[in-house]
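Since the structure comes first, as structure tokens, the remarks are kept for the end.
Fair warning: this is a prediction, and the values are worked out from it, not measured in the lab.
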Amino acid sequence: MHEPKVRSGEGRPDDVILSVEDLAVHFPLGGGLLGRERRLLRAVDGVDLTLKRGECLGLVGESGSGKSTVALSILGLLKPTRGRIVVDGQVVTDGPSGDRKALARTVQIVFQDPYASLNPRQTVRRTLEDPLRVHGVTAKSEIEDRVASMLRHVGLRPEQADRYPHEFSGGQRQRIGIARALILNPKIVICDEPVSALDVSIRAQIINLLLELKETLSLSYIMISHDLGVVEHMSDKVAVMYLGRIVENGDWREIFERPAHPYTQALIAAIPDPLRHAPLATTGGDLPNPLNPPNGCAFSPRCRYAEDVCRSEPGPVLETRPDGHAVRCWRADEIAGQMVLAPT
């Protein structure tokens, strides 16, 4: 594994810009007809996260683990069932909906698919100008200056502002998406799989751009991904989600060099590494049905280490150890750091 280019986020312990406490998002399904029982989809169920200023937090897990639901809750686009979200000192979960416009000036998102997230009928200029006008910037000269400056920040030329999305390559469109997210000068940017829809040849360019902007503009990131190779390169801290819960979190080095949860080990084992002499063992099976989760630890049906206690009792409470590493597993102390090679 390579050494990430940038490591920051080592500020004061109390310098927290985002705090998520006991976040739960449940969706009731069915019921109400012919006496059928109403079922509950627990998309997110008791998530705690903290993000420091200047830090990049990697949020990883398979599709369906709840990562994007957490992101939508932080953005104020999805009302939590319970929990508390504090952004830059302001509680955003109080009240019926909160001040969405004020929150948008602090937290923005870069989407996975740059073409689907851009309006094909709007020029780049219109795409970048509209948020400014909505948020009270009316001076034409200021708008023009901010649009031109932001295009330069993301590696595009100001004269390209009058083009439409279809006139750009995939990498350029993602640069436009990044510019749109940054045009309001937010403090936190959520990157939701920002390179997974791009050609392999340009992924590194976008990752390096995000890292440069993080330092230049003093940004804090939440990097959502199922690709731990990207997360390893960018993140200061890592939180691993499985079926709506955090199963392990800690410093990036602890997670990648001494993973203590079998699911984290399986994700790391899936990172392509041409220097390996044998493939690492991976986890079989699919994510369980969240409407009918397994008894005990949710990961037990797919876990090579599972014992009777794992199948009958939920995982222990996620408690942070003195080294900052936390894991939700009955056998974490036994298997910590084990990366088992598959038979050759």
Task: Distance in Å, Gln108 CD paired with Leu184 CG, rounded so as to fall on 0.5 Å steps - done: 5.5 Å
- [ ] Supply the atom-to-atom distance Arg105 CZ to Asp88 CG, rounded to the nearest 0.5 angstrom.
- [x] 12.5 Å
Open item on the list: Tell me every residue that passes salt bridge (Lys or Arg N to Asp or Glu O under 4.0 Å) with Asp199, counting only those two or more places apart in sequence or in another chain.
Closed with: none
Task: Set of residues satisfying salt bridge (Lys or Arg N to Asp or Glu O under 4.0 Å) with respect to Arg146, sequence neighbours excluded - done: Glu142
Open item on the list: For Gly54, is there any backbone N or O sitting under 3.5 Å from a side-chain donor or acceptor partner on Ser220?
Closed with: yes
Open item on the list: In terms of relative ring orientation, are Trp252 and Phe256 parallel, tilted or perpendicular, with 30° and 60° separating the classes?
Closed with: tilted
Open item on the list: Asp192: which residues meet the side chain to side chain donor-acceptor pair (under 3.5 Å) condition with it, sequence neighbours left out?
Closed with: Ser68
Task: Taking every non-hydrogen atom, the tightest pair across Val231 and Val238 - done: CG1-CG2, 3.9 Å
Task: Test item: Arg173 side-chain N/O and Phe168 main-chain N/O as donor-acceptor pair under 3.5 Å - done: yes
Can you give each donor-acceptor pair under 3.5 Å made by side-chain atoms of residues 111-120, sequence neighbours left out, with the distance rounded to 0.1 Å?
| residue | atom | partner | partner atom | Å |
| --- | --- | --- | --- | --- |
| Gln112 | NE2 | Ser196 | OG | 2.9 |
| Asp113 | OD1 | Tyr115 | N | 3.0 |
| Asp113 | OD1 | Ala116 | N | 3.3 |
| Ser117 | OG | Asp113 | O | 3.1 |
| Ser117 | OG | Pro114 | O | 3.4 |
| Asn119 | OD1 | Arg121 | N | 2.9 |

Task: Which atom of Gly170 lies closest to which atom of Leu198, heavy atoms considered - done: O-CD2, 3.6 Å
Open item on the list: For the CG atom of Asp308 and the CD atom of Glu313, what is their distance to the nearest 0.5 Å?
Closed with: 11.0 Å
TODO: Give me the other members of the hydrophobic cluster that Trp330 sits in, counting Ile, Leu, Val, Met, Phe, Trp and Tyr linked by side-chain heavy atoms under 4.5 Å, directly or via other members.
DONE: Val309
Task: Spacing of Asp236 atom CG and Met223 atom CE [to the nearest 0.5 Å] - done: 11.5 Å
Task: ILVMFWY clustering at 4.5 Å (side-chain atoms), partners of Val91 - done: Val86
Open item on the list: If I take atom OG1 from residue Thr127 and atom CD from residue Gln122, how far apart are they, to the nearest 0.5 angstrom?
Closed with: 4.5 Å
Donor-acceptor pairs under 3.5 Å, side chain of residues 41-50 to any protein atom, not counting sequence neighbours: which ones?
| residue | atom | partner | partner atom | Å |
| --- | --- | --- | --- | --- |
| Asp45 | OD1 | His26 | NE2 | 3.1 |
| Asp48 | OD1 | Asp22 | N | 2.5 |

Task: Qualifying residues under side chain to side chain donor-acceptor pair (under 3.5 Å), relative to Gln172, sequence neighbours excluded - done: Ser169
Task: Contacts of Arg126 that satisfy side chain to side chain donor-acceptor pair (under 3.5 Å) - sequence neighbours left out - done: Asp130
TODO: State, without any angle test, whether Tyr263 and Glu62 hold a side-chain donor-acceptor pair at a distance under 3.5 Å.
DONE: yes
Task: Partner set under side chain to side chain contact (heavy atoms under 4.5 Å, CB included) for Pro314, not counting sequence neighbours - done: none
Task: Sequence neighbours excluded - side-chain hydrogen bond (donor to acceptor under 3.5 Å, both in side chains) pairs with any residue from residues 239-249 - done: Tyr242-Arg302, Glu248-Thr264, Glu248-His325
Task: From CE (Met150) to CG (Leu182), nearest 0.5 Å - done: 5.0 Å
- [ ] Quick one: list whatever passes side chain to side chain donor-acceptor pair (under 3.5 Å) with Glu21, sequence neighbours left out.
- [x] Ser19
